[in-house]
Amino acid sequence: MRVIHEVDELAEALQGTRPVLVPTMGALHAGHLALIRRAHQLSADHEPVVVSIFVNPTQFGRGEDFSRYPRMLDADVQSSESAGAQIAFAPSVESMYPSTTSAAVPKLPAVATQPGLEDAHRPTHFAGVCQVVARLFDLINPKAAIFGEKDYQQLLVVSKMVVQEGDRWPDLQIVAHPTVRERDGLAMSSRNAYLKPEDRRRALGLSQALQAAESAPDPAAAETAMRDILESHQLNIDYAAARDAATLMPIQTYDRPARGLIAARVGAVRLIDNAPLP
Ligand code: AMP
């Protein structure tokens, strides 16, 4: 396992390869490791699995948890190696964003600005996500990149960005991995480490709300069912929405694939989750 901090060293190590990339912010848990194992399955002999570990400042808003986000590089390197990665790329902010860079900033797709979900509550978030993901794709030229359905809007944003950018990353495949959950249903997240025991119990409201929404007959009823359960767990709701699974725009009926999406706060900890509907 090689740990690389500098862009030049990365370029040298990857020369002539088409790696499989798993972009992360570190503090790796079993959800991340499942993505790395999937990457390992997709990679061929001379195509390394690269895990990027970078807490990207540009995707955090003011007052969010950038400075206290958990950082544990040594443990992350060990666990990503055991899941099948060959290279951990852990750059500094300066090497990711040198002042001399002339990289084209991708245009945000509609799914990053229109739905009124993460885009409304974290208005600068997807510009930061697209910036860092585009930078990683430019540096690494992966043949595939794995993203979790846990961050469902992000997955759609990245997929659309790749299509919009056309030939910038030829033949790059965006691979979706299902959400990995704790035994009791809580979606795994690096931010779960912030939860005190009582908050941990309340956080179960998210997965339970999505489960309840599955049996609702239409999107409006699904949203009511989600809100009821979130409120009974004393969660502060940012949104609890039943949407078109491809555009994330509102729908009246289940005449196409749909998705339930939730963002809610347990005290100061903000959690997200989603699932297919009905
Ligand atoms: P993050 O480190 O939170 O930026 O996540 C890195 C990647 O791991 C993203 O593609 C996430 O969607 C994915 N991911 C995070 N948590 C999970 C989970 N519980 N199940 C599946 N994928 C996940």
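Order of listing sets the numbers, starting from 1, for every ligand and every atom in it. Because the structure is a prediction, the values reported are computed rather than measured.
By the criterion of a heavy-atom distance under 4.0 Å, neither the backbone nor the side chain of Ser189 is placed next to ligand 1. Contact annotation: for Glu149 versus ligand 1, there are no heavy atoms closer than 4.0 Å. Residue contacts with ligand 1, taken as heavy atom pairs separated by less than 4.0 Å, involve His29 solely via side-chain atoms from C-beta onward. Neither the backbone nor the side chain of Val22 comes within contact range of ligand 1; no heavy atom lies under 4.0 Å. At a heavy-atom cutoff of 4.0 Å, ligand 1 is contacted by the backbone of Pro178 but not by its side chain.
The salt bridge (charged side-chain N to carboxylate O under 4.0 Å, His left out) with Arg2 is formed by just one residue from the set Glu81, Glu9, Glu12; it is Glu9. When Leu14, Val3, Val51 are each tested for a side chain to side chain contact (heavy atoms under 4.5 Å, CB included) with Ile87, only one passes: Leu14.
Taking only nitrogen or oxygen atoms, main chain and side chain alike, Leu35 does not reach within less than 3.5 Å of ligand 1. An N or O contact shorter than 3.5 Å links Asp151 to ligand 1 by distance. Between Thr179 and ligand 1, no pair of N/O atoms sits closer than 3.5 Å. Here's the thing with Ala187: none of its N/O atoms is less than 3.5 angstrom from an N/O atom of ligand 1.
For the pair His233 (side chain) and Leu230 (backbone), a donor-acceptor distance under 3.5 Å is absent. With hydrogens and angles ignored, the 3.5 Å screen pairs no side-chain donor or acceptor of Asn274 with any backbone N or O of Gly260. Side-chain atoms of Tyr194 do not come within 3.5 Å of backbone N or O of Ala268 as any donor-acceptor pair.
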Can you check salt bridge (Lys or Arg N to Asp or Glu O under 4.0 Å) on Arg202 and Asp199, steps first, answer last?
-> CA-CA 5 Å; Arg202 286 161 61 200; Asp199 294 342; 3.5 Å; yes

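Among all heavy-atom pairs drawn from Leu117 and Ala241, the shortest one is CD2-CB, 3.9 Å. Residues Ala264 and Leu235 approach most closely at CB-CB, 4.2 Å, considering heavy atoms. The heavy-atom pair separating Ala216 from Ala221 by the smallest distance is CB-C, 3.7 Å.
Closest protein heavy atom to atom 23 (C) of ligand 1: Lys150 CB, 3.8 Å. Atom 20 (N) of ligand 1 has Val180 N, 2.8 Å as its closest protein atom, hydrogens excluded (heavy atom only). The protein atom (non-hydrogen) at minimum distance from atom 4 (O) of ligand 1 is Met25 CG, 3.6 Å. Ranking the protein heavy atoms by distance from atom 10 (O) of ligand 1 puts Gly148 N, 2.9 Å first. The nearest heavy-atom contact from the protein to atom 7 (C) of ligand 1 is Pro23 O, 3.6 Å. When hydrogens are left out, the protein atom nearest atom 5 (O) of ligand 1 is His32 NE2, 3.4 Å; that is the closest non-hydrogen contact.
Atoms of ligand 1 lying under 4.0 Å from any heavy atom of Phe147, numbered from 1 in the order shown and given with element: 10 (O). Applying the 4.0 Å criterion to heavy atoms of Met188 picks out, from ligand 1, the atoms 16 (N), 17 (C), 18 (C), 19 (N).
No single ILVMFWY cluster, assembled from side-chain heavy atoms under 4.5 Å apart, contains both Leu35 and Ile272.
Ring-plane geometry between Phe147 and Phe137 is classed as perpendicular, the angle between the planes exceeding 60 degrees on a 0 to 90 degree scale with a lower cut at 30.
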